[in-house]
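In what follows, a structure is listed as structure tokens, so that the remarks can point back to it.
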There are 2 protein chains.
Amino acid sequence: MQRSKLETFLGTLEKATSLDALQQLTFALKDLYHVDHVVYHWVSADGEQYGAGTYDRLWVQRYIEKDYVRVDPVVVGCYQRFHPVDWKRLDWTTKTAKVFREDAIAHGVGNQGLSVPIRGPSGQFALFTISHSCKDDEWTSFIEDNRRDIILIAHYFNQKGLELEKSRVPAPNQSLSPREVDAMTFLAMGYSRAQVADTLAISEHTLRVYIESARHKLGALNTTHAVARAMNRGLIVV
Amino acid sequence: MQRSKLETFLGTLEKATSLDALQQLTFALKDLYHVDHVVYHWVSADGEQYGAGTYDRLWVQRYIEKDYVRVDPVVVGCYQRFHPVDWKRLDWTTKTAKVFREDAIAHGVGNQGLSVPIRGPSGQFALFTISHSCKDDEWTSFIEDNRRDIILIAHYFNQKGLELEKSRVPAPNQSLSPREVDAMTFLAMGYSRAQVADTLAISEHTLRVYIESARHKLGALNTTHAVARAMNRGLIVV
DNA sequence: TTGTGCCTCGCTATTTTGGGGGAGTTTGAT
DNA sequence: ATCAAACTCCCCCAAAATAGCGAGGCACAA
């Protein structure tokens, strides 16, 4: 029964082809699991933020205006954790957090919540949240029953989100030669040019050629930039 | 039926308290799903690697000795993706990949596999892999049936792994101050010190203080290293 | 055969970083 | 109220990285 509810939803999700569709699906999910809110919110590699969810428009706008993303204990907490986080376990004691919480509840965000942090390559970060307004024990038993469903949904939601995002930004995936990869890798490990040249047993002059050609391929302004881009594109592993 | 198999396993996993126990559980899993191998392998924030799995000891040793982690298309591919990857979809055409594959199969690694990449805060990266030796269509139907189970198991396995790792290395999760984050971010974007100082509207001398303190906090040898670490640990998003 | 890309080595001059000092204000938390 | 941490500014000088020129050999593909 639970299983088929999940299956049905994942089947629908599979067919989504736009961000609007994702938005619709958060509403479907909210009804399916009888909770107040379902929100999916992510930060792409270039730092842009996207969101899909059932929160009130006014709240979303207020959240952005007040730059609550830097205050919200849910976001701050999830950035530092791996596993899904029950809002109860977060630190709501600071002054800013208290103010935020009051404001959030006033705008219809539930007092209970579970947020699943998800990370992708190149620093993508996503948060899938279910929130509700109810007593503690009621919420605990809901979570116990649905935790696994929620994890899976978060996972597939994010997969779909990344897929849709990727289609709008086609990546020009220029690759590096083996020596260039070596060079970038050691530089990312903090070696100086002299040390890298020594490690690779080549002259420093040769090394410089690699660094410069890597810089050109990556369209980077300097070594640090090149290393950052190589890491972002998954070309080197440090 | 499927569901209860999964439930039972997750219950057992929950009780694991050591890396040895995780190792045992990979064998249990392999029998439970009737596959050749189950491997969990992760890289902690400081770059150390751990593993638990059913692979032959000789193969693991060889893998480390030959630094196959930089060649293995599974690892390279998963670093760049978010979703679980069927080995068939990876790029096995390069010369080094072909050599690696032959060596792997000779050591009993299956010809089929599914790997789930998982990322944690502070740059942890884990890979949960199921491999098997069989025909393509047989594998495809196995994956279709068990994909969701595998994702959940990967998730819980990783949660347990991080938990066990944390107990051995109390994370010095040094965070950066807002200005330090700003500095690192612009440096990662290729700006020179002068440009960053200009952008942040502070003197270059002040900027240097931030860069140096960020370097110290991150235990980095130079600016490039500091930026690489900040990116790896998810402290900056570029 | 004639590219094209990769690997290797060289020079000089200029710009950018790094390491060592010190000193004051503002802000937030206990 | 007090204390720590963050933010801001200044000096000097050595070390390292960058930019602009070169060159030749090797392998693989059109």
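Below, read A as the first sequence line, B as the second, and so on, with proteins coming before strands; counting in each chain starts at 1.
Rounding to whole angstrom units, CD1 of residue B:I202 and C1' of D:dC9 are separated by 10 Å. As a whole-Å value, the separation of B:I211 CD1 from C:dG19 P is 11 Å. Atom CG in B:L207 sits roughly 13 Å away from atom P in D:dC10 (whole-Å rounding). Per the geometry, CG belonging to A:D198 stands 13 Å off P belonging to D:dA16, to the nearest Å. For the pair B:N222 CG and D:dA17 P, the computed distance is 8 Å after rounding to whole Å. The interatomic distance linking A:H216 (NE2) with C:dC6 (P) rounds to 14 Å, in whole Å. The interatomic distance linking A:E204 (CD) with C:dC9 (C1') rounds to 13 Å, in whole Å.
Nucleic acid contact class of B:S213 (heavy atoms, under 4.0 Å, all strands): none. Using a 4.0 Å heavy-atom cutoff across all strands shown, B:E212 reaches at least one base atom of the nucleic acid. Within 4.0 Å (heavy atoms only), B:R193 reaches at least one base atom of the nucleic acid. At the heavy-atom level, A:T206 lies under 4.0 Å from base atoms of the strands shown.
Nucleotides of DNA chain D nearest to A:A194 and A:V209 differ in position, and the one nearer the 5' end is that of A:A194.
Put simply, B:K217 has no side-chain N or O that comes within less than 4.0 Å of OP1 or OP2 on D:dA5. OP1 or OP2 of C:dC6 has not a single side-chain nitrogen or oxygen of A:S177 nearer than 4.0 Å. Phosphate contact (OP1/OP2 of C:dT8, side-chain N/O of A:Y210, threshold under 4.0 Å): present.
One N or O donor and one acceptor, one from the side chain of A:R208 and one from the base of D:dG20, sit under 3.5 Å apart.
At distances below 3.5 Å, not a single donor-acceptor pair connects side-chain atoms of B:H37 with backbone N or O atoms of B:S131. Without hydrogens or angle criteria, A:S115 side chain to A:V85 main chain gives no donor-acceptor distance under 3.5 Å.
When ring centroids are compared, B:F157 and B:W42 stay outside the 6.0 Å threshold.
Which of D:dA17, C:dT16, D:dC11 sits closest to the side chain of B:H205 comes down to D:dC11. Ranking D:dT8, D:dA19, D:dA17 by closeness to the A:T223 side chain, first place goes to D:dA17.
Under a 4.0 Å N-O distance rule, the pair B:R62/B:E65 does not qualify as a salt bridge.
Side-chain N/O atoms of A:D86 and A:Q112 include no donor and acceptor closer than 3.5 Å.
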